[in-house]
Amino acid sequence: MSEQKIVVLGTGGTIAGTSAQAGDNIGYTAAQVGVEQLLAAVPGLQAAARGPLVAEQVAQIDSKDMDAAVWLALAQRCAQYLAQPDVRGVVVTHGTDTLEETAWFLHEVLQTAAKPVVLTCAMRPATALAPDGPQNLLDAVAVAAAEGARGVLAVASGKIYGARNVQKVHPYRVDAFNAGDAGPLGWVEEGRVRLAQDWPPAPELPAQGAIENIAPAALWPRVEIVVSHAGASGLLVDALVRDGVDGLVVACTGNGTLHRDLEAALLRAQGRGVRVVRSTRCAEGRVLPKPGDALPDSEGLSPVKARISLLLELLRQRA
Ligand code: SIN
């Protein structure tokens, strides 16, 4: 077979951001530079790809505004490219703010047992004095082209993360991601991948059904996230139930505990058929279930990722 290609799909983010002043790292506008232009600014990218590089602009947004329609379009393009025998892997340029959510959505709906989808990003705009995007893009392409790479991955600041554990943990510093207790899967050093763990297990079939079978965005169930905190009440939950919410994820204190007033409202919601899942608001670790728990836990998923899994599960049950 001829050389396999790497496909880079652009979705926007700070990696494609520009500011009027080169030194301005916060007063910029995300999602301004096209993906072709991003690739052209990185020397050595072709060599890192070890074959042809193809670019396509799927969206051009600040990832705080990520929505179901863009997720569907992105996942469909990923699936179409991954199915082509001459494609080795896909790289997605993305904003940092919801990167972990897109990574988990793609993990849930794509077949990546044999080929990787690598998300990358930047904390500094393309016009910064020292932009981090070009190196991240180079590293992501090297990972996508690496022998044996598979699964949905994220690459930033020289580290490789799996979709399950990656999370943004800092709003400003360049090294803004970690993987909590799990740690990074490995590192990219001068274009070489050094793994600390194996590539993430990627099932032959996506956990939540293939992207081809996911309903249009307008038909997606509504799943909201609420937080337990000092002084919490059940008012929000009661209002959401009245408003027809389908599912609720609650970011609990500690090991899945809840303010008693919020807990009472969540139990009322569950009694009315709303699916309720407990996650933890702690940055690391997971809720350890106990016998007799009245509300199920998220099996280690953070609140934002538990929301995606619950949403897809509800969608699958409706089909
Ligand atoms: C975004 O998430 O699109 C903007 C912020 C960033 O990429 O760092």
Side-chain angles (χ1 to χ4, degrees), residues 8-39 41-42 55-75 77-78 90-107 117-141 143-144 152-161 163 165-180 184 188 217 225 283 302-305 307-308:
V8 184
L9 303 178
T11 71
T14 294
I15 190 167
T18 57
S19 64
Q21 284 168 353
D24 190 349
N25 291 322
I26 53 172
Y28 62 87
T29 308
Q32 300 300 302
V33 182
V35 65
E36 297 267 11
Q37 216 180 318
L38 291 183
L39 297 191
V42 186
E56 183 180 315
Q57 196 79 47
V58 173
Q60 188 64 301
I61 61 167
D62 185 319
S63 81
K64 71 179 174 56
D65 298 323
M66 183 54 72
D67 60 24
V70 176
W71 271 352
L72 278 176
L74 177 62
R77 291 311 282 144
C78 287
V90 174
V91 170
V92 178
T93 59
H94 198 287
T96 60
D97 284 339
T98 57
L99 181 142
E100 70 214 61
E101 293 174 61
T102 299
W104 188 246
F105 175 72
L106 295 178
H107 168 89
V117 173
V118 186
L119 286 89
T120 195
C121 54
M123 288 297 288
R124 302 285 177 263
T127 49
L129 293 177
D132 50 329
Q135 183 69 55
N136 285 346
L137 190 48
L138 188 64
D139 290 349
V141 167
V143 170
V152 179
L153 309 165
V155 168
S157 292
K159 303 191 187 84
I160 309 167
Y161 304 101
N165 294 305
V166 65
Q167 55 184 353
K168 184 172 178 181
V169 294
H170 202 282
Y172 180 72
R173 71 174 185 232
V174 171
D175 191 6
F177 288 86
N178 76 21
V188 192
I225 300 174
S302 66
V304 291
K305 292 180 190 174
R307 176 183 168 272
I308 293 164

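Sequential numbering from 1 along the given sequence is applied to the chain's residues. Ligands are counted one by one from 1 in listed order, and the atoms in each one are counted from 1 as well. Because the structure is a prediction, the values reported are computed rather than measured. Hydrogens, waters and symmetry mates play no part in the numbers below; they use all other heavy atoms, side chains included.
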N/O donor to acceptor pairs below 3.5 angstrom from side-chain atoms of residues 23-35, sequence neighbours left out:
| residue | atom | partner | partner atom | Å |
| --- | --- | --- | --- | --- |
| D24 | OD1 | I26 | N | 3.0 |
| D24 | OD1 | G27 | N | 2.7 |
| Y28 | OH | T14 | OG1 | 2.5 |
| Q32 | NE2 | A30 | O | 3.0 |

List by chain and number: which residues place a heavy atom under 4.0 Å from ligand 1?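 Lining ligand 1: G13, T14, Y28, D62, S63, G95, T96, D97, A122.
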For S19 and T127, which I'm curious about, is there any donor-acceptor pair between the side chains at under 3.5 Å?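 Checked: S19/T127 side chains pair up, N/O donor to acceptor below 3.5 Å.
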Partners meeting ring-ring contact (aromatic ring centres under 6.0 Å, His included) with F105 (sequence neighbours left out):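 Result, ring-ring contact (aromatic ring centres under 6.0 Å, His included) vs F105: W71, W220.
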Can you list everything that forms a side chain to side chain donor-acceptor pair (under 3.5 Å) with T93? Sequence neighbours excluded, please.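 Testing T93 for side chain to side chain donor-acceptor pair (under 3.5 Å), a comparison that skips the adjacent residues, returns none.
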Roughly how far apart are D139 CG and K159 NZ, rounded to 0.5 Å?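 It is 11.5 Å, given to the nearest 0.5 Å.
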Is E101 paired with K305 through a side-chain N to carboxylate O contact shorter than 4.0 Å?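 No salt bridge links K305 with E101.
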